[in-house]
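Just below is one structure, and these are the notes that go with it.
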Amino acid sequence: MSTVRTRFAPSPTGYMHIGGMRTALFSWLWARKHGGQFILRIDDTDQQRNREEALQPILRAFKWLGLTWDEGPEIGGPHAPYFQAQRSDKYRAAAAKLLAEGKAYKDFETPEQTKADREAAEKEKRQYVSSRSSLALSDAERADLEAKGQPYVVRLLVPRGQKVAIHDHIRGDVEWDCNLMPDPVIQRGDGSALYNFASVVDDIDLRITDVIRSEEHLTNTSIQMLVFQALGAKAPEFAHIPYVAAPATTKKLSKREIGKYRTNPQFKKLFEMGDAVLPKLGVAVSEALNPVMVEFYEQMGFLPEAVLNALARLGWSLDDKTENMSLAFVTEQFTLDRVVKGPAGLDPDKLLAYQEYWMSQRSVEEKVVLCLPYLERAGMIPAPASTEQRAFVAKLVQSLGPRLKLLSDILSYEEYFVADDQLIYDEKGFQKRVRDDAGAVPLLKDLAVFLKTTPDFGTAALDATIHAWMESRGMPMGQLVHALRLALTGKTAGPGLFDCLELLGHERSMARIERAVARV
RNA sequence: GGCCCCAUCGUCUAGAGGCCUAGGACCCAGGAUUUUCAGUCCUGUUACCGGGGUUCGAAUCCCCGUGGGGUCACCA
């Protein structure tokens, strides 16, 4: 049995589609599960733009998620080049071979004529098939036309009177009637190859054994099978997995619908999170950076394992209960027969749930390392953070605990990074908990006096002393908590109160209490 | 329109003839814990697209509808 070789063949479009990523993941999993190779091939046949730049975000997404490739851009391989634009001679040679063997023919019909034929067939409600008028030409006539520079395309001669069939790993047996297929163009007038042809030539050349791709290619497979046959090559195994749909729909997730997705009830949340966070990092939700793109999730501070987990569970399941799975585990367990047949909508809520789980698996130290760049990019701490700052962030992350869901959530705790006189208050909360609460101000004043003589500002010590202090006054903690939190952080919610005090320390806590009392 | 694919809670899914008065997770709603929030722990609501078969028995097999989707290029 030969080694399993799968491939993913993106076009360098400047971003990585999350649905494409899911397809790539399944392909990667299949190769890795079998100890085979995963190849990245770039379909850049008609790219005018800067390839390098347009390719980077795609490679970046693979790297971020840890989906390594064995052959392809940056690393090359035994079947280089891996860019279709650099392989045109191979396609031309293959086309010439088919031409010589009579399995393809030069079609001198003008595009206008072909189009008219197609439309006529449509009007008469009959299946359009190629006229093959050029096939009736004599060799002399053909030579004459070529000599005169009459442009032509090369079409594959579809063998009439038979069927093409595949045994798809997910769809089962699927077949098409060749009598209903027009002869597909495999080479353009300018000599360049078309996708359905180039793709097959490459799959043969790269020794691809398993083609795992999105189901929108299912129909293409009929043509490709004929090309494999014409080229005398063994066709690979096919697995057409369902496409990823927009949240709560069965429609293919598309970059063109981004405007609509903003109002999609499930998707909305993600857009709003992006709007709130991304500007702090100096970027913004855009055509290239939005919840359809992998990079969005990276920028927002999702963990790779969360995105991977969500993607793996989109259209695939292990059993009736296993939800949280690492990439290594999924690699071990992945099988194509457990891929669901229907399209699956991306579920932002579920993704968030996986994110919470995987965040809970990370140590405080790990979270700190991952959060620091966010704070630095947002300018909340100076670029190379000092040892003291790192220690402070560690303490904050520790106190935040499960409140930190996305790495970028750290950005919403500015109150721990601003100067005391710059603190912004939740005015509604301040009104309710401080101004309108008759007991609040006197209590805060008394507390300030008491804290002056409280040297130990550790959470545990504060917990004990303040509880005792309140008890001595015959008051429940509830009386103090809200007003004090508002005074210290300007907010109505946050980490435990004693954590807030310890984080800010003696001096800053005192200053903030005084400022709060003064602004009433 | 032709061809092809698909169809279980709101969502992601389990289910390969009896284990199904359909299971899990997310979401949602209650409750408990708690100084707030978050978390955690309980509890709860909600689904087999419709109609015919086959069978002692169908979510599961077959057929027909219906619905959804993909694809029909000198795009990939």
Side-chain angles (χ1 to χ4, degrees), chain A residues 9-11 13 43-47 84 107 111 114-115 118 121-123 125-128 151-155 168 170-172 174-177 180-182 184-196 198-199 214-222 240 242-243 245 247-252 265-266 310 313-324 337-338 340-354 356-357 360 400-405 409 429 433 463 466-467 470 476-482 484-486 489 491-498 500:
Chain A
S11 289
T13 45
D43 283 13
D44 56 353
T45 47
D46 71 344
Q47 290 297 322
Q84 287 195 326
D107 180 8
T114 306
K115 196 174 169 225
R118 195 185 299 275
E122 206 168 301
K123 201 170 277 174
K125 289 190 192 302
R126 73 182 148 78
Q127 184 67 24
Y128 168 79
Y152 64 86
V153 295
V154 177
R155 286 185 190 274
D168 191 277
I170 290 154
R171 311 283 145 190
V174 184
E175 60 169 33
W176 297 268
D177 186 346
L180 306 177
M181 291 168 64
V185 174
I186 59 175
Q187 190 179 86
R188 295 188 184 88
D190 66 2
S192 61
L194 271 97
Y195 167 75
N196 277 136
S199 178
S214 178
E215 69 172 308
E216 59 246 44
H217 288 286
L218 187 57
T219 314
N220 280 332
T221 310
S222 59
H240 287 91
Y243 54 85
T249 73
T250 51
K251 289 200 177 135
K252 193 167 74 166
Q266 342 265 324
R313 281 288 286 101
L314 210 56
W316 180 83
S317 68
L318 174 60
D319 53 29
D320 59 345
K321 43 181 68 88
T322 314
E323 291 286 344
N324 300 128
D337 62 337
R338 295 202 60 85
V340 169
K341 287 185 169 86
L346 180 72
D347 187 343
D349 281 325
K350 199 104 187 193
L351 171 60
L352 253 357
Y354 287 122
E356 285 178 38
Y357 171 76
S360 77
L400 256 19
R403 293 174 190 82
L404 212 54
K405 298 189 162 87
D409 283 346
R433 298 299 194 182
D463 192 325
I466 295 182
H467 263 106
M470 285 297 283
M477 275 302 292
Q479 287 279 291
L480 174 69
V481 170
H482 303 291
L484 183 53
R485 176 174 284 106
L486 253 311
T489 66
K491 293 184 177 171
T492 57
L497 191 58
F498 306 114
C500 295

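Atoms considered below: every heavy atom in the structure, side chains included; atoms not considered: hydrogens, waters and symmetry mates. Not measured: the values here are computed from a predicted model. Sequence lines set the chain letters: A, B, ... in the order given, protein chains first and strands last, and positions in each chain run from 1.
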Original post:
Base, sugar-phosphate, or nothing for A:E323, non-hydrogen atoms under 4.0 angstrom?
Top reply: base

Original post:
Given atom NE2 of A:H482 and atom C1' of B:U35, what is their separation to the nearest angstrom?
Top reply: 6 Å

Subject >> For atom CG of A:N324 and atom C1' of B:A25, their distance in whole Å >> reply: 9 Å

Original post:
How long is the line joining CG of A:N220 and C1' of B:G70, in whole Å?
Top reply: 11 Å

Original post:
Is the A:Y195 to A:H217 ring centre distance short of 6.0 Å?
Top reply: yes

**OP:** Scan A:G315 against the nucleic acid and name what it touches under 4.0 Å (heavy atoms): base, sugar-phosphate only, or nothing.
**Re:** sugar-phosphate

Original post:
Across all strands shown, which nucleotide pairs with B:C37 by Watson-Crick or G-U wobble geometry, both distances under 3.5 Å?
Top reply: none

Original post:
If pairing requires Watson-Crick or G-U wobble contacts with both distances under 3.5 Å, which nucleotide is the partner of B:C48?
Top reply: none

Subject >> B:G52 versus B:U40 - spacing of their P atoms, nearest Å >> reply: 47 Å

Original post:
With a 4.0 Å cut-off on heavy atoms, is A:G342 in touch with a base, just the backbone sugar-phosphate, or nothing at all?
Top reply: sugar-phosphate

Original post:
In whole angstroms, how far is the C1' atom of B:U71 from the CD atom of A:Q127?
Top reply: 12 Å

**OP:** Rounded to whole angstrom, note down the C1' distance from B:A58 over to B:G17.
**Re:** 6 Å

Original post:
Does A:K123 have a side-chain nitrogen or oxygen under 4.0 Å from the phosphate oxygens OP1 or OP2 of B:G1?
Top reply: no

Original post:
What nucleic acid atoms does A:F498 come within less than 4.0 Å of, heavy atoms only: base, sugar-phosphate, or nothing?
Top reply: base

Subject >> Pairwise side-chain contact, A:L346 with A:L314, heavy-atom cut-off 4.5 Å (strictly under) >> reply: yes

**OP:** Using a cut-off of strictly less than 4.0 Å, decide whether A:S317 has a side-chain nitrogen or oxygen near OP1 or OP2 of B:A14.
**Re:** yes

Original post:
Can you find an N or O donor on one side and an acceptor on the other, under 3.5 Å apart, linking the side chain of A:E356 with the base of B:G39?
Top reply: no

Original post:
Donor-acceptor pair under 3.5 Å: do we get one between A:R171's side chain and the base of B:C5?
Top reply: no

Subject >> Separation of B:U8 P from A:K341 NZ (nearest whole Å) >> reply: 12 Å

Subject >> Per-pair stack call A:H217 and B:A76, 5.5 Å, 30° >> reply: yes

Original post:
If you take atom types as modelled and just measure distance, does the side chain of A:D320 reach the base of B:A25 with a donor-acceptor pair under 3.5 Å?
Top reply: no

Subject >> Closest to side chain of A:E216, choosing from B:G70, B:U36, B:U35 >> reply: B:G70

**OP:** Could you check how far CZ of A:R155 sits from C1' of B:C74, rounded to whole Å?
**Re:** 8 Å

**OP:** Report yes if at least one side-chain N or O of A:K251 is closer than 4.0 Å to OP1 or OP2 of B:G69; otherwise report no.
**Re:** yes

Subject >> Value in whole Å for how far the C1' atom of B:G1 lies from CZ of A:R118 >> reply: 14 Å

Subject >> Under-4.0 Å salt bridge between A:K350 and A:E323 >> reply: yes

**OP:** Please report, rounded to the nearest Å, how far the C1' atom of B:A38 is from the CG atom of A:D409.
**Re:** 11 Å

**OP:** Look through every strand shown and name the nucleotide pairing with B:G1 as Watson-Crick or G-U wobble, where both distances are under 3.5 Å.
**Re:** B:C72

